[in-house]
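The chains referred to below are lettered A, B, ... by the order of the sequence lines, with proteins before strands, and numbering in each begins at 1. Excluded from the calculations below are hydrogen atoms, water molecules and symmetry mates; all remaining heavy atoms, backbone and side chain alike, are included.
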Amino acid sequence: MTPLIRTENLVTNFYTYEGVVRALNGVSLVVDHGTTFGLVGESGCGKSVAVRSMMRIIQEPGRVEGGRVVAFFDPRDKRRGIDLLQQSEAYMEHLRGDQISMIFQEPNAALNPIMSIGDQVAESFLFHKKKEMAAAVLAAMDRENGRPPWPLGAFQRALYARTAVSPRDPLVALTGRLPLVRRWQMRLRREALRRSVEIIGKLGIPNPEAVARLYPHNLSGGMKQRIVIAIALACSPLLLIADEATSNLDVTIQAQILDLLRHLKETEIASILLITHDLGVVAETCDRVGVMYAGNLCEVANVTDLFNAPRHPYTRALLEAVPRLHQDGPLRSIEGAVPNLVNPPAGCRFHPRCPEARAICRKHFPETVHLGGDHSVACYLYTDRPRGEGAA
Amino acid sequence: MSTLLQLRGLQKHYPVRGGVFRHQVASVKALDGIDLDIHRGECLGLVGESGCGKTTTGKAIIRLHRPTGGKIIYHRGNGGAPVDIAGLPASALKRERIRGRLQMVFQDPTTSLNPRMLVKNIIAEPLREQSSMGSRELETRILELLSMVGLTKDHYLRYPHEFSGGQRQRIAVARAIATHPEFLVLDEPTSALDVSVQAQILNLLHTLREKLELTYLFVTHHLLVVKYISNRLAVMYLGKVVEIASTAVLFNRARHPYTHALLSGIPIPDTGRRSRRILLQGDVPSPLNPPTGCRFHTRCPFVIDRCRAEEPVLKTFSDGHRVACHRRDEMERLVRDRFGR
Amino acid sequence: MDNTHPRLRELKYTLYRIFRNPSAIIGFTLLVFFIGVAVLAPVLAPPKYAHNPYQMPHKGFSPTPKPPSEKAIFGTTSGQYDIYYGVVWGTRTAFKIGLFVVVISGLFGVGLGAVSGYYGGWLDEALMRVTDIMWAIPTLVLAMAIVVAFGRGLDKVMIALALIQWRWYVRVIRSEILTLRDQDFVQAARVMGVSDFKIIRRHILPNAIYPVLIMASMDMGSMVITASFMSFVGLGSPKGYADWGQMVALARNYIVGPPDDPLRFWYTIAIPGACIILFVLAWNLIGDALRDAFDPKLRRR
């Protein structure tokens, strides 16, 4: 397995009036190339904060205060990792949506109500794929007529040639803004629109040309979520992050979207990082699963291992608390409530609700233990000799 | 088993106004003829997608709104004559002491509890309205209710925001059972809660039903939850009930293609059984302008010409199993052939 | 957990939120100062005419103001009215105007808006059209028309302002109630059979009142400005009445002194003017602080 993105001891705090919310308490996880990684947990456990910290889109008053987020975009080169937390904001802006795309729970918030669907998808292309598209336009121009008519065609051709080499050239940017002169970009826009219709069609939306001319309010929730996915996919990202992308949808629509994601996983995108609270969604779509509780990653395993042999007491309790299709007997509930992260419990944050808590759990935070078979768990039940016992 | 409530042809049409003089130009048919019997002591699950009218049905029964047509016949537990409560004015409902007998638990306890009221006053409110208790008596009753839902005296003088989601829903349940109701509408009572807390509330509701001999109408879109708690299920689609059966029958031998699609769409928290999905095409049509014939025909994988022309009625298929589909007799075979389930 | 009563705890928390804001501290300090002056007016400036303390005493009739001296520490304005006396008793007038207008228009507006928003339908339609008619008339024109019709005087100005200002409260409370009306806790109360009146009083108003409080505190200041303006144009209090606007009106001809010394009569305009500004500032700062404290987005959780 080659890692695509790896977080090491990620720490994120929110500075609120109530005090410091310790939302992430040293989270280390790895998403490999070509896998679907599911991050599950209850609301407030930090699963969204974790990915937002990775993408550096934590909003005020939150701050990423420790750790590394290392991305390996080239699967052949394992050593050349880029620490995303050290990069410039401009770098991140181009990374988001290009190599890594995100989709959120609420499609309405992601779509501009006064722009047509086609334009919104095209915008993603224009922002990230200008270079490729300019080259394509150039090729098309050359095919149409060997020698462009002077002077307008030559001017256009020169600009496209320039864009195809360096899309952020100042001359290109300037002529792209000047009134009338900017019309040279028409072909680029048309190309972007053509590509967006193509990608909308790929997402199983019937009649993509017509849909591209519609506005968000014309579409249903499921359709809107598809469009958001289309925008995310526009630049064929290496990693698609889906933050509760299906939670607001109805069962039959959710089934459509999950099916679509599975299909896309095979054809379009390399890896998916799926954030959800629904264990059913995880079981059906993910290869690997990380379980989070109160800002900590308590268990990471392959999906079959996690569902068949959960190790962490929290994972076990969580699995017993969900109604099954063949449920016999009453559901087991986890007593108590998720702790307030301003004042998290000392030691393991799960110990007040844990049926197997020992004395050590109240004092020290358990180290992550690797159990073999890519199964790791942060719990004292699996350490032979707890570290730091003498120090306390 | 005696019947508690009978819904007959229940309708709720919301007018859509337009034009200069705000005259009615169309109507949203949220409920379009619901026939449903609720038996005493059962938990009837009402499932369907958003906008199918399941919550509107629940709110009609407790008369949060006035249905535009049909009957809700209420057979009172104390041996009184059955009354049609669909058309009763609010004052009559209160005078006849029906208000306190039919109660509701809302979806999200953060919005269903007044943020500026103390827990004490929240639970006392229905008691004050429905009975005349002295303050000492009132306090004893409130503490009794709190202990019934698993809270303690410490929680008596607190504001809702001082509680976690699960505890807030417990308070909402305590308020709903304060006036000794015999029927509760549970409108997605666990969908705003976390998984680990959901089980607590489901188990609480289950024990309360046995202890207080309550009847539930459990409205939800979450099929595994409703399977866990309900005896019987009714499936709704676009303002109509399309199938009613006992939970076991519905999950094993569903006869309506929509039920099949719903069941196959559940994400199942088990890795062993990844079965093939029945993926429906497209979206739910608008209730403003429902399709002619069978309302499901636009998305149904087994549609025949008859479905487009003629609306199927809810017919008894076998004991207590009622389906509204023209092809109900061959449905099992159709689904097996097409989807291999 | 502390064992204080939760209401007390809540109040403490609200006060903490308000006073965390430095502008609130300035605002409340100014307000306390003005309240002190208003309460202690008979001590600070013993009235000359016991039956009518609001009448400013004056020695002589000379139109030229006299600068601050030992006899009149803030000087005298045109007509030899004592500025110090006028400023002290004018504080009482300011509170009178503000409280009267805000309380009357607030009660009327909130009542009307609550009924209109809660019941909706044709009642709402009718009430809102009446309010729209009120909105169509400019404040000052309407106020002037009322004063001209009923005669000059501060009481008339106050009534006129109250008759206009309620339209703001109707709008604000109605929009709040429209969102609260369909909240689950209101529906829950309805299921319990709580009467409409009790629902409005117990569930809706306590949750809708904060924007009104904020607006009321802002209005306390702005009403004083409007009343001052009315006095300035000669429609308000009679000559010699201890009212800041009246005092600014008296200083009208002395805003600029003789060409060689333009600031000679500064005290006639600056002192009552400063009072108006500080009074309005106090209430605006308080209003701002309340808005920050009650902003639901900033409130915990």
Worksheet item: Taking all atoms of both residues into account, what is the closest heavy-atom pair of A188(C) and R175(B), and its distance?
Response: CB-NH2, 3.4 Å
Practice prompt. Check whether L102(B) gets within reach of chain C through its side chain, its backbone, both or neither, counting any heavy atom under 4.5 Å.
Written response: backbone
Worksheet item: Is the closest side-chain heavy-atom distance between H203(C) and E125(B) below 4.5 Å?
Response: yes
Discussion item. Counting only non-hydrogen atoms closer than 4.5 Å, does L157(B) touch chain C with its backbone (N, CA, C, O), its side chain (CB onward), both, or neither?
Written reply: both
Discussion item. Heavy-atom cut-off 4.5 Å, strictly under: side chain, backbone, both or neither for Q103(B) against chain C?
Written reply: both
Practice prompt. Kindly check if the number of other-residue, nucleotide or ligand heavy atoms within 6.0 Å of CD (E213(B)) is above 12?
Written response: no
Identify each donor-acceptor pair in which a side-chain atom of residues 159-167 of chain C lies under 3.5 Å from a protein atom, sequence neighbours left out, and give them as a table.
| residue | atom | partner | partner atom | Å |
| --- | --- | --- | --- | --- |
| Q165(C) | NE2 | D219(C) | OD1 | 3.4 |
| Q165(C) | NE2 | D219(C) | OD2 | 3.2 |
| W166(C) | NE1 | L163(C) | O | 2.5 |
| R167(C) | NH1 | M134(C) | O | 2.6 |
| R167(C) | NH1 | I137(C) | O | 3.1 |
| R167(C) | NH2 | T139(C) | OG1 | 3.1 |

Fill in: Residue selection (most heavy-atom pairs with chain B, distance under 4.5 Å) from V191(C), L180(C), V186(C)
V191(C)
Discussion item. Nearest 0.5 angstrom please: F185(C) CZ to D108(B) CG, how far?
Written reply: 12.0 Å
Pairs under 3.5 angstrom only: tabulate donor-acceptor contacts from the side chains of residues 95-111 of chain C to other protein residues two or more places apart or in another chain.
| residue | atom | partner | partner atom | Å |
| --- | --- | --- | --- | --- |
| K96(C) | NZ | Y241(C) | OH | 3.3 |
| S105(C) | OG | V101(C) | O | 2.6 |

Worksheet entry | Heavy-atom pair count under 4.5 Å with chain C, highest-scoring of A178(B), S112(B), P115(B) | S112(B)
Practice prompt. For atom CZ of R129(C), decide whether the heavy atoms of other residues, nucleotides or ligands shown that lie under 6.0 angstrom number more than 12.
Written response: yes
Worksheet item: Has F19(C) got more than 12 heavy atoms of other residues, nucleotides or ligands less than 6.0 Å from its CZ?
Response: yes
Worksheet item: Roughly how far, to the nearest 0.5 Å, is the CE atom of M104(B) from the CE atom of M192(C)?
Response: 11.5 Å
Worksheet item: How long is the span from the CZ atom in R202(C) to the CG atom in N121(B), to the nearest 0.5 Å?
Response: 8.0 Å
Discussion item. Looking at chain C, which one of I122(B), L113(B), I62(B) has the largest number of heavy-atom pairs inside 4.5 Å, strictly under?
Written reply: L113(B)
Worksheet item: Quick one: CG on D184(C) to CG on L64(B), what's the gap to the nearest 0.5 Å?
Response: 9.0 Å
